[in-house]
Amino acid sequence: MQIATWNINSLSVRLPQVLAWLEANPVDAIGLQELKLVDEKFPHDAFEAAGYHAVCFGQKTYNGVAILSRTPLRDVVRNIPGHGDEQARVIAATLDTPEGPLRLVNCYFVNGQAPGTEKFSYKLLWLEALRDWLRTELAAHPRLVLVGDFNVAPEDRDSFDPVGLKDTIHHTVEERQHFQDLLGLGLTDAFRLFDQPEKSYSWWDYRMLGFQKNRGLRIDHILVSTALRPSVTACRIDRAPRKNPQPSDHAPVVVSLG
DNA sequence: ATGGTCGCCCCGCGA
């Protein structure tokens with residue numbers, strides 16, 4: 001089976017591109033981030049017509065996440081339990097596979113703007129809360145996949161300019177330590193299980209011809225639990241949609257599970 | 001010479 005993640009930067013604008021991508025890439029499930037719309041405006045009918053069940057957690061103007069799945073979704077959780085948050089950043093659900101239940105956690109991690117700002121402090125607190133919740137979530141659901149826009153470039157090779165951007169947002173020691181903490185829970189970065197092209201990125205700034213110059217970051221990730229790791233057969237970033245007219249600034253990432 | 005990001009929803013903010 002295949003599971004994907006894609007920050008689409010407004011579902012209203014990007015719906016036709018999401019539907020076209022799903023038609024060309026009929027993944028079993030996908031986590032979407034930055035819907036930028038309220039639940040009342042979520043296009044359930046369009047996704048149902050495309051063959052997907054959907055659960056969403058929307059918000060006006062900012063944030064918003066959803067999971068689409070070929071098979072029904074159950075035990076839906078919205079945001080981190082016990083962590084008061086006005087921003088809609090997390091949705092988790094269980095889907096049933098022939099191999100057993102699979103827990104899919106889809107997150108739009110906090111951006112954090114810049115070290116030293118209030119937004120950065122909020123990012124670190126959010127990352128702590130996520131880590132603590134995921135520890136219990138993993139104990140309850142051994143077959144777990146964590147997907148999303150992590151807003152962290154885990155290593156220097158995940159940035160087009162690790163020297164010039166050292167200690168700036170997405171690159172700080174604190175953010176990278178939090179990424180390592182997630183791995184420490186028993187999660188594996190599926191992308192790095194395989195040989196990948198150099199300078200593989202999942203996000204490119206709209207400004208200054210970022211994509212054309214491949215000035216990007218790898219900040220969209222798929223992490224798999226220890227139980228799932230042996231079944232991972234591939235993981236790739238699909239740059240194609242970034243070449244579309246009116247693209248999202250992020251590309252989808254896809255993992256294949258045997 | 002001008003404009004050189006996008007999406008939100010109305011204007012400057014967040015990414």
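Below, chain A is the first sequence line, B the second, and so on; all start at residue 1. Computed from a prediction, not measured in an experiment: that's the story for all the values here. Scope of the values below: all heavy atoms of this structure, side chains included, with no hydrogens, waters or symmetry mates.
Closest approach to the A/R89 side chain among B/dG7, B/dA15, B/dC8 is made by B/dA15 (side chain taken as heavy atoms from C-beta onward).
Rounded to an integer number of Å, the gap from A/K41 NZ to B/dG7 C1' is 13 Å. Rounded to whole angstrom, the span from the CZ atom of A/F120 across to the P atom of B/dG14 amounts to 17 Å. Going from atom OH of A/Y206 over to atom P of B/dC8 covers 10 Å, rounded to whole Å. Going from atom CH2 of A/W204 over to atom P of B/dC6 covers 16 Å, rounded to whole Å. Straight-line distance from the CZ atom of A/R207 to the P atom of B/dG7: 13 Å, rounded to whole Å. Distance CG (A/N111) to P (B/dG7): 17 Å, rounded to an integer number of Å. In this structure, CD of A/E34 is placed 13 Å from P of B/dG14, rounded to the nearest angstrom. The distance from atom CE of A/M208 to atom P of B/dC6 is 13 Å, rounded to the nearest whole Å.
Taking the six-membered ring for Trp and the full ring otherwise, the centers of A/F179 and A/H221 sit less than 6.0 Å from each other. Less than 6.0 angstrom separates the ring centroid of A/F47 from the ring centroid of A/F42.
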Open item on the list: With side-chain hydrogen bond (donor to acceptor under 3.5 Å, both in side chains) as the criterion, how do A/Q33 and A/N106 come out once you've worked through the C-alpha distance, each side chain's angles and the decisive distance to 0.1 Å?
Closed with: CA-CA 8 Å; A/Q33 305 92 37; A/N106 174 37; 2.7 Å; yes
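Ion pair A/D205/A/K213 not flagged as a salt bridge, since none of the NZ, NE, NH1 or NH2 atoms sits closer than 4.0 Å to an Asp/Glu carboxylate oxygen.
Map A/D249 and A/L35 each onto its nearest nucleotide of DNA chain B; the residue landing nearer the 5' end is A/L35.
Using a 4.0 Å heavy-atom criterion, one finds that A/Y108 contacts the sugar-phosphate atoms exclusively.
The side-chain tip of A/R70 points at the ring of A/Y52 from less than 6.0 angstrom away and within 45° of straight on.
Distances shorter than 4.0 Å separate some side-chain N or O of A/R14 from OP1 or OP2 on B/dG7. For the pair A/S10 and B/dC8, the criterion of a side-chain N or O lying under 4.0 Å from OP1 or OP2 is met. Applying the 4.0 Å criterion to OP1 and OP2 of B/dC8, one finds that A/K60 has every side-chain N and O outside that range.
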